[in-house]
Structures are given as C-alpha cells and as structure tokens.
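This report refers to the structure that appears directly beneath it.
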Amino acid sequence: MSNIRVRFAPSPTGFFHIGSARTALFNWLYARHTGGTFVLRIEDTDKERNSDEALKVLLDGMKWMGLDWDEGPDVGGNYGPYFQSQRQTIYEQYLKKLQDAGRTYEKEGAIWFRLEGERYTAYDEFHKAEIEKVKTAPIVIEDAVRGRVERAEEKDFVLVRKDGNPVFHLVNVVDDITMGITHVIRGEDHLSNTSKHVELFKAFEVEAPVFAHIPLILKEEGSGKMSKRDKGALIEEYESRGFLAAAVRNYITLLGWNPKDQREKLDIEEIIDLFDFPGINKGNARFDEKKLAALNAEYLRELNIASFTFLARPFLHTAGVVSEEADEDYLQSVLKLCQPKARSLESLPELCRYFFTDEYPMDTKTAEKIIKKSDPKTLLAEVLPVLEGVEPFQHEEIKNSLETLAQTQGHKVFVYFPALRYAVSGQGGGPDLLPMLEVMGRKRVTKRIKEFLT
RNA sequence: CUCCCGUUCGUCUAGCCCGGUCUAGGACACCUGGUUUUCAUCCAGGCAACAGGGGUUCGAAUCCCCUACGGGAGGCCA
C-alpha cells in the first residue's frame with residue numbers, strides 16, 4: 001500500500017456522464033497501479049439538484065464499470081464524512097483560518113477571497129463592466145500530464161455564497177487537504193481553475209497536490225466537449241443497450257491513453273499494470289461509437305455460449321422475439337450461430353427473429369437480386385422433396401443430398417443457397433446456411449419453402 | 001474581450017522528451033479480393049496524415065518563433 005491518495009468527486013446530477021466516468025476510471029487506475037487509495041467523495045453542495053435517486057445512478061454506474069472505491073459512501077473510511085453536505089463545520093473551520101489571516105472580505109452578503117498584489121480597476125470586455133483586478137504573482141503548476149503551466153489569477157473570487165453555502169473552489173480544496181489527497185486527476189476543463197486552487201492551498205499554507213489534467217472527450221459530431229444531451233454521453237445508456245462493461249471501460253481508457261505498443265484490446269489487469277501519467281495524451285479525443293462497437297463485438301465473441309445466452313435473452317425478450325418460456329436448448333443453438341455475427345446485443349433481435357417466428361420481414365432488395373440471377377421457385381421446387389427426405393436432418397447430410405441433387409440437375413450446389421436462405425429467413429445474409437437449416441428443423445424449413453412456392 | 005491548453009490518415013493513436021533507422025507504423029471506418037453459398041465474423045491487400053510560414057541544423061514530424069485552427073476557463077454551477 002502506497003501513500004498515494006486520489007479521489008473522484010462527482011456531483012450527483014441524475015446521470016453518469018462518459019467524461020466523468022473516464023475521470024473516475026483514470027483515478028481508479030492510478031490508485032490500483034500505484035497501490036494507493038481511491039476515494040469517492042460526493043459533491044452534493046447544490047441542494048436543488050441532489051437526491052438519493054441521483055446518487056444511486058452514480059454509484060450504480062461506478063459499480064457497473066467495475067470501479068470500486070476504498071473510501072466513500074457505503075464503505076466509510078477514516079477521512080469522512082464523504083458527502084460534502086455533511087462537512088459544513090470543516091469548511092467553517094477552514095474559512096476561519098482565512099479570515100484570521102486577513103484573506104477574506106464581505107461584499108454584497110458573500111465572502112470573497114482576497115488575492116495579494118497591486119489593485120487597479122479596468123473595463124472588462126467579458127463582464128461588460130468596470131471591475132477591480134489584482135496584479136498577482138503567476139501560479140506555476142507542474143502538471144503531471146502537461147508539464148509546466150503558468151497562470152495568474154486576476155480577480156478576487158467568492159468563497160461563501162450569500163446564502164451561506166461555500167462554493168466549489170473552497171470545498172474542493174479543503175476536502176483535498178483534509179482527506180490527504182496527493183494527486184488530483186481531473187479533466188482539462190479544470191486547468192484554468194487550478195490557479196485559484198493553488199492560491200487557496202498557499203493561503204492555507206499547505207503544499208498543493210500533484211495535478212494531472214487529462215484531455216476531454218469531444219462530441220462525435222459538431223464542436224465542443226461531450227455533453228449530457230449528446231449521443232453516447234451517458235454510461236447508463238451503454239448498459240441498457242447491451243454493451244459490455246469491459247468493452248466500454250477498455251474503449252474509454254484508450255480515449256486519451258495508450259499502452260505505447262500496438263495493442264488495443266487489453267484486459268483490466270494489463271491496463272492497471274501499464275497505466276501511468278506519461279501514457280496520457282494532451283490533445284482532446286473525439287468520441288467514436290463505431291470503434292467502441294467494434295471493440296464491444298470483440299468482447300462479445302469471446303463470451304462462452306452460456307454467458308452470451310444469458311446476456312442476450314432479455315434483449316430478445318424485450319423485442320418480443322422470444323417468450324418467457326422459450327426453449328433454452330433451441331435458444332442456445334440459435335445464438336451459437338448468431339454470436340459471431342453480432343456486433344451488439346441490441347442488434348440481436350433483428351439478426352435472429354426469423355428463427356423464432358414466422359412473422360419476419362422479406363427483404364425486397366435481396367429478392368430482386370435473386371430473381372435476376374435465377375428462378376427461385378423452380379430451384380426450390382427441386383430442393384423441397386430432397387429436404388423432406390434427408391435423414392437425419394443435419395447439416396452434413398443436407399449438404400450431401402443437395403450436392404447429389406445439383407449433380408443430377410447439372411449445376412453447382414450453391415445455386416440453391418441464396419433462394420433457400422431467402423425463403424426460410426427473408427434475408428440475404430446470416431449465419432452459415434446449412435447449420436442454420438439444421439437448427440431450424442425440417443418442419444419449419446419445409447413449411448417456409450412451401451409457403452414461398454405458393 | 002482576456003487568459004490557459006492543444007494540433008500526425010475521416011476518427012483513436014505510435015513516433016516527438018534523447019533530431020537521421022519515418023519512402024511516418026497500428027487500429028476503427030471505408031474500398032477490393034479470398035474464405036470453391038450468403039454475411040454483419042475471419043484472412044489478405046488498398047485508400048489516407050506530420051495545420052501553415054519562418055528559423056536552427058549537413059539533416060526536423062521531432063528543437064525555437066509567429067500565424068491559423070481547435071478546445072477550455074473567465075459563475076454567489078461543479
């Protein structure tokens with residue numbers, strides 16, 4: 001166990017944003033890599049927006065991602081409480097220190113932090129007003145990701161609101177001090193705030209933690225960082241859409257970090273082993289759902305058939321493809337055929353609907369293609385009696401008898417395949433045809449061919 | 001408007017710190033072919049990038065400067 005202590009400090013907003021998730025993940029990875037402690041602290045100072053419901057979304061999201069915390073809600077710890085709403089007296093104590101040091105003043109009912117330096121007033125184009133500014137000594141941050149960053153604060157800022165509640169900058173710094181946080185890993189959107197925070201650490205006469213500002217995730221289309229309303233922004237969405245947590249975790253790790261070799265699919269132990277600040281990129285990364293989906297498909301294919309079936313069942317059930325009492329053996333043999341073709345669990349119902357119901361759509365484009373090349377009805381009329389006679393109804397035997405048929409008719413066996421597939425599935429593509437026929441069974445297959453012929 | 005950060009194929013990135021081995025490598029996507037049937041799997045191949053300009057140097061994707069572009073911050077939100 002090292003002395004390294006990192007924290008993830010989300011505010012419960014009712015959803016778990018992919019950017020937050022990655023910040024949590026990077027903190028967690030760093031803690032696990034270094035043998036340090038991962039603290040989960042809930043920044044619930046904004047009373048309007050907080051609820052048990054919102055907290056639950058957050059904790060569930062963390063758990064789904066496999067991010068366990070060493071200290072925080074549910075598990076406790078020696079640095080609690082872990083909810084900012086319960087740390088009021090601590091903030092008051094620390095505020096008092098600043099007041100005693102003469103670093104605060106009151107204005108319009110709020111308490112402000114007083115910067116040190118020469119004061120002057122100037123018109124501010126952004127605030128559209130004449131405001132007081134301070135010429136301060138620049139704050140130098142040795143950021144673990146970006147290197148030396150220098151920035152000077154130039155305006156006093158609020159510490160405690162008119163309503164008596166301390167603001168983010170104060171509580172964040174006080175919590176990091178009192179919780180013994182050694183490394184602050186957070187999004188680059190906080191880089192500009194860091195000078196405020198360092199001013200406070202200095203005012204408290206405490207050494208600031210190491211900062212590591214990680215790049216942001218940009219939205220897939222358009223400009224700007226990913227925000228709640230963007231497609232793919234919410235972790236709970238991946239869960240409900242049947243993405244595998246391991247795949248999502250793997251993917252977002254790669255958004256801003258890489259192992260410096262050519263590998264992309266890495267299991268979590270390898271990532272923990274390799275993860276460190278030098279591997280983190282400086283540039284923002286654009287989210288790409290296609291790449292996530294490709295990784296997800298890889299993970300999906302690795303699943304054994306029992307796990308795959310377990311995960312797939314609810315999706316098929318919700319889509320109305322299989323009923324509650326669907327036959328497990330049949331379901332499993334169907335899924336065994338479809339698993340290699342599936343890119344997501346979400347796509348499964350459309351992929352294998354025709355295995356379960358006669359109510360499946362006939363793809364007209366495929367029909368046109370087939371008719372262009374051959375006369376499917378003639379072909380299937382030849383095939384039907386053969387399939388009715390094959391014994392047993394298994395792919396090897398089906399193949400043999402179709403080949404015999406093809407020979408006697410003077411053409412290659414595969415001329416039957418497209419029409420056959422189309423008649424039984426309505427599709428132009430799908431799993432290997434012969435095993436598919438075997439799984440469907442003679443009754444279903446011959447019935448569909450007959451229907452097609454009429 | 002000000003400040004901070006960034007910029008290698010369409011996208012994620014390797015290379016950059018320690019200039020030559022980079023005719024810039026991998027992956028996703030896309031295209032072509034193969035897997036003597038289909039295909040969303042698999043295999044092979046292909047397309048495609050050092051933002052621009054100056055400098056330093058025998059030599060720059062790699063070092064320096066400027067510009068452009070992108071992102072972030074400037075809340076009594078977090």
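Residue numbers start from 1 in every chain, and the chains themselves are labelled A, B, ... in the order their sequence lines are given, proteins ahead of strands. These numbers come from the heavy atoms of this one structure, side chains and all, not from hydrogens, waters or symmetry mates.
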Check ring pair (Phe, Tyr, Trp, His ring centres under 6.0 Å) between A/F15 and all other residues, then give those that pass, not counting sequence neighbours.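 By the ring pair (Phe, Tyr, Trp, His ring centres under 6.0 Å) rule, A/F15 matches no residue at all.
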Establish, with yes or no, whether the OP1 or OP2 oxygen of [N] is under 4.0 angstrom from a side-chain nitrogen or oxygen of [X].
{"X": "A/R343", "N": "B/rA29", "value": "yes"}
{"X": "A/R161", "N": "B/rA78", "value": "yes"}
{"X": "A/N258", "N": "B/rA14", "value": "yes"}
{"X": "A/N281", "N": "B/rA14", "value": "yes"}
{"X": "A/K260", "N": "B/rA14", "value": "yes"}
{"X": "A/H127", "N": "B/rG75", "value": "yes"}
{"X": "A/K219", "N": "B/rU11", "value": "no"}
{"X": "A/R301", "N": "B/rC42", "value": "yes"}
{"X": "A/K196", "N": "B/rG74", "value": "no"}

Nucleotide of [options] approaching [X] most closely (side-chain heavy atoms):
{"X": "A/D189", "options": "B/rU11, B/rG6, B/rG72", "result": "B/rG72"}
{"X": "A/Q262", "options": "B/rG71, B/rG26, B/rA40", "result": "B/rG26"}
{"X": "A/F126", "options": "B/rC1, B/rG26, B/rG6", "result": "B/rC1"}

Both distances below 3.5 Å, Watson-Crick or wobble geometry, any strand: find the nucleotide opposite B/rU11.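 Pairing partner: B/rA27.
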Quick one: look up who B/rA40 pairs with, Watson-Crick or G-U, both distances under 3.5 Å, and put none if it's unpaired. none
Would you tabulate the pairs of protein nitrogen or oxygen atoms and nucleotide nitrogen or oxygen atoms of nucleotides 2-4 of chain B closer than 3.5 angstrom?
from	atom 1	to	atom 2	distance (Å)
B/rC3	O2'	A/R151	NE	3.4

Donor-acceptor pair, distance only, cut-off 3.5 Å: does the side chain of A/D432 make one with the backbone of A/L434? no
Hey, is the side chain of A/K291 pairing donor to acceptor with the base of B/rA29 inside 3.5 Å? no
For the pair A/W257 and A/F275, name the ring-plane relationship: parallel under 30°, tilted 30 to 60°, perpendicular over 60°. tilted
Sequence neighbours excluded, which residues qualify as side chain to side chain contact (heavy atoms under 4.5 Å, CB included) partners of A/E125?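 Partners of A/E125 by the side chain to side chain contact (heavy atoms under 4.5 Å, CB included) criterion, ordered by chain and then number, come out as A/Y123, A/K128.
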